[in-house]
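Every chain is numbered from 1 and lettered A, B, ... according to where its sequence line falls, protein lines coming before strand lines.
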Protein chains: 2
Amino acid sequence: MRRDVFQAIADPTRRDILEMLAKEAMTPNGLAANFHTTRQAISKHIKILSECQLVTQEYSGREIYYYFNSKKLKEVDKWLQPFREMWDKRFDQLDTVLKNLKNKRS
Amino acid sequence: MRRDVFQAIADPTRRDILEMLAKEAMTPNGLAANFHTTRQAISKHIKILSECQLVTQEYSGREIYYYFNSKKLKEVDKWLQPFREMWDKRFDQLDTVLKNLKNKRS
DNA sequence: GTTTTTGGCAACCGTTCGGTTGCAAATATA
DNA sequence: TATATTTGCAACCGAACGGTTGCCAAAAAC
């Protein structure tokens, strides 16, 4: 079972969940109310997000509030970095991009 | 068949392929030589990358050179933007992030 | 104490995924 | 022309994915 951030954000529903949790911590039921699926389906998504630490939890009686953890998204940002330079700056080809990738591998 | 950039980069082999193509255009055989799988497996990955326009192709006789298209990765970058502000700047919580997400939805 | 609400867990189902093998088409080489 | 190389396509396989239903435990409400 591969479980990394890239795979976690591959699903559009999970991306929506992350966006909602970024605004405010929510319970599984609270989240599920915003989707056209069952609570269990959402719970499965939450479990995946938890496993790669994109969300954390906090118990409050019988309710569980899930919190978004932005730090883990850094991994994606980091991977994106060398490519970003390809469209960001004046050079729209290799050059420093190439160097960065080579350093990365060494 | 859902075929978007997020799903395309979910697979580690495909991310490796993109990094290689960012350095230089390559043929399926050339790419496959760098992996411990069959050429056909790599071809399948290339097909997926092609379908969401992360790579383009150019024929040269019987060979096909695949090129990396960085522009499509902007979609990921764009989605990441509001979250990036959560770890980049002084505020490590909502605020402008919240605003950005709300504008995005409207 | 009974009932309702919240939420996890397990089993199941159809589909997709990543991979392999086999084959055919097209180009290059002998 | 015969042969070898490059590549895509189709069929198949086991595993994972996304979803559902059913059930049970714990906390809250009555």
Does OP1 or OP2 of C:dT20 have a side-chain N or O of B:Thr38 closer than 4.0 Å? yes

Give a yes or no on whether A:Val55 and A:Ile48 share a hydrophobic cluster (residues Ile, Leu, Val, Met, Phe, Trp, Tyr; joining criterion: side-chain heavy atoms under 4.5 Å apart). no

Under a single-linkage definition using a 4.5 Å side-chain heavy-atom cutoff for Ile, Leu, Val, Met, Phe, Trp and Tyr, are A:Ile17 and A:Tyr65 assigned to the same hydrophobic cluster? no

Quick one: on DNA chain D, does A:Arg14 or A:Gly61 contact a more 5' nucleotide (nearest heavy atom)? A:Arg14

What is the nucleic acid contact for B:Tyr66, judged by heavy atoms within less than 4.0 Å: base, sugar-phosphate only, or nothing? sugar-phosphate

Tell me the closest heavy-atom pair linking B:Ser50 and B:Gln57, and the distance in Å. OG-NE2, 4.5 Å

Going by the rule salt bridge (Lys or Arg N to Asp or Glu O under 4.0 Å), which residues pair with B:Glu63 if we only count those two or more places apart in sequence or in a different chain? none

Whole angstrom is fine here: how far is it from NZ in A:Lys47 over to P in C:dG8? 10 Å

In terms of ring plane angle, is the pair A:Phe6 and A:Trp79 parallel, tilted or perpendicular, where the classes change at 30° and 60°? perpendicular

Nearest-Å distance for atom pair CD1/P, residues A:Ile42 and C:dG7: 13 Å

Please tell me if the side chains of A:Tyr66 and A:Leu49 come closer than 4.5 Å, counting only heavy atoms from C-beta onward. no

Separation of A:Tyr65 atom OH from C:dT6 atom P, in whole Å? 10 Å

Would you kindly give the CD-to-P distance between A:Glu63 and C:dT5, to the nearest whole Å? 13 Å

Output the rounded distance in Å from CD1 (A:Ile9) to P (D:dG18). 13 Å

Are any side-chain N or O atoms of A:Arg15 and backbone N or O atoms of A:Ile9, one a donor and one an acceptor, separated by less than 3.5 Å? yes

Any side-chain N or O of B:Gln7 under 4.0 Å from OP1/OP2 of C:dT16? no

Ignoring the backbone of B:Thr13, work out which of D:dT20, D:dG18, C:dG19 is nearest its side chain. C:dG19

Shorter than 3.5 Å, N or O on both sides, protein versus nucleotides 22-26 of chain D: list them out with atom names.
residue	atom	partner	partner atom	Å
D:dG22	O6	A:Gln40	NE2	3.4

Using a strict heavy-atom distance below 4.0 Å, which residues from residues 25-36 of chain A are in contact with DNA chain D? none

A:Asp4 CG to D:dA16 P, in whole Å, measures 14 Å

Can you tell me which nucleotide in C:dT20, C:dG18, D:dT20 comes closest to the side chain of B:His45? C:dG18

In whole Å, what is the span from the CD1 atom of B:Ile64 to the P atom of C:dA28? 12 Å

Evaluate A:Asp77 against A:Arg84 for side-chain contact (heavy atoms from CB on, under 4.5 Å), listing each step before the verdict. CA-CA 9 Å; A:Asp77 191 66; A:Arg84 189 177 299 122; 2.9 Å; yes

Check whether B:Arg39 reaches the backbone of B:Ala32 with its side chain - one donor and one acceptor, N or O, closer than 3.5 Å. no

Donor-acceptor pair under 3.5 Å, A:Lys44 side chain vs D:dG19 base: yes

Test your reading of the model: is there a side-chain donor-acceptor pair from B:Asn69 to the backbone of B:Thr56, 3.5 Å cut-off? no

Name the closest nucleotide to the A:Arg3 side chain, picking from D:dG18, C:dG19, D:dC17. D:dC17

Side-chain atoms of A:Ala41 come closest, of D:dT6, D:dT20, C:dC9, to D:dT20

Under 4.0 Å from OP1 or OP2 of C:dG8: is there any side-chain N or O of A:Ser43 that close? yes

Specify the separation, in whole Å, of atom CD1 of B:Ile48 and atom P of D:dC9. 13 Å

